[in-house]
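Report on the following structure.
Quick note: residue numbers are just sequence positions, from 1. Every number for a ligand or one of its atoms is a count from 1 in the order of the listing.
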Amino acid sequence: MEHDDRLIVALDFSTLDEAKKLVLELGASVSYYKVGMELYYAAGNDAIKFLKEQGKHVFLDLKLQDIPNTVAKSLSVLTALGTDMLNVHAVGGAKMMAEAAKAVEETAAKMNRPAPKLIAVTVLTSMDEEQWADLSYQKAIADQVVSLALLAKKSGLDGVVASPQEAEAIRKACGPDFLIVTPGVRPAGAALNDQSRVATPSGAFKNGSSHIVVGRPITQAEDKVAAAKAIVAEIRGV
Ligand code: C5P
């Protein structure tokens, strides 16, 4: 098999046409895509429908946070679309996460489908120490990430989104089966773009990641299929 389900390619586009073009070009080399707010707000469920028709897995990255009832009901709708992974903000609290997990399970069971994985955003990786200080949390960022990951686990979630640098501590705290989905991945020698705390694909898995999210190193590459295949080969070698 050429593809690897541990590689998730970010479809960061504002039109469905651009997303379709990339998915068709990558063909069998990529099996899992992330649809974020940009594409979802532009193309809505048509983006999900297209990916499902192509036989792809979909991580719908909408980072929900609201009162528990609203998040649970919204996640039921997103589960019914046939998505494979969804996420919420851990700072929405234990009750919000537990009700979210229950809604996802129940909706999938009603539809006789495997439940999508539900993961939590802990602390956004764009947060730096200066902005963190303004928020007046008691803990250092790294400790807050691990406590929120543990809270997500206790609330019945399947895992977290995290930077590759945080993966090791989360893996240690949350055990071998917890999903750790890491963006901020750059093959050796690739442009960093606006990412700063990066790891290589193999480095991310060595740190404990279960999946990596890769955008521009594939989507902006001259030869996109070759870029995807090189990453698959690298992670298979870990
Ligand atoms: O192009 P690049 O590989 O940097 O894309 C990374 C993707 O992961 C983007 O969709 C970005 O929004 C997302 N992401 C991130 N850092 C986070 C959470 C999500 O880079 N902490």
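- Although no hydrogens or angles enter the test, the distance criterion places a donor-acceptor pair under 3.5 Å between the side chain of Asp158 and the main chain of Leu118.
- Residues Asn207 and Arg171 fail the side-chain proximity criterion, which asks for heavy atoms closer than 4.5 Å.
- Remark: ligand 1 atoms within the under-4.0 Å shell around heavy atoms of Arg216 are 1 (O), 2 (P), 3 (O), 4 (O).
- Not close to ligand 1: Leu124, with no non-hydrogen atom less than 4.0 angstrom away.
- Taking 4.5 Å as the limit, some side-chain heavy atom of Val104 sits within range of a side-chain heavy atom of Pro116.
- Ring geometry, Tyr137 versus Trp132: the interplanar angle falls under 30°, so the pair is classed parallel (tilted spans 30 to 60°).
- Closest to atom 8 (O) of ligand 1 among all protein heavy atoms lies Pro183 CB, 3.3 Å.
- Using a 4.0 Å heavy-atom cutoff, Asn193 is absent from the residues neighbouring ligand 1.
- Using a 4.0 Å cut-off between charged side-chain N and carboxylate O, Lys95 and Glu99 make a salt bridge.
- Taking atom 12 (O) of ligand 1 as the reference point, the nearest protein heavy-atom neighbour is Lys34 NZ, 4.2 Å.
- Counting heavy atoms closer than 4.0 Å to ligand 1, residue Asp61 contributes nothing at all.
- Distances shorter than 4.0 angstrom occur between a heavy atom of Arg186 and an atom of ligand 1.
- Summary of contacts: the protein heavy atom closest to atom 21 (N) of ligand 1 is Thr125 OG1, 2.6 Å.
- In terms of protein heavy-atom proximity, atom 3 (O) of ligand 1 is nearest to Gly215 N, 2.7 Å.
- Residues Pro164 and Pro183 share a closest heavy-atom pair of CD-O, 3.2 Å.
- In terms of protein heavy atoms, atom 9 (C) of ligand 1 is closest to Asp12 OD2, 3.2 Å.
- No more than 12 heavy atoms of other residues, nucleotides or ligands shown are found within 6.0 angstrom of CD on Glu130.
- In terms of protein heavy-atom proximity, atom 20 (O) of ligand 1 is nearest to Gln195 NE2, 2.8 Å.
- Considering only heavy atoms from C-beta on, Thr122 stays 4.5 Å or farther from Ile170 through its side chain.
- Heavy atoms of Pro217 found under 4.0 angstrom from ligand 1 belong exclusively to the side chain.
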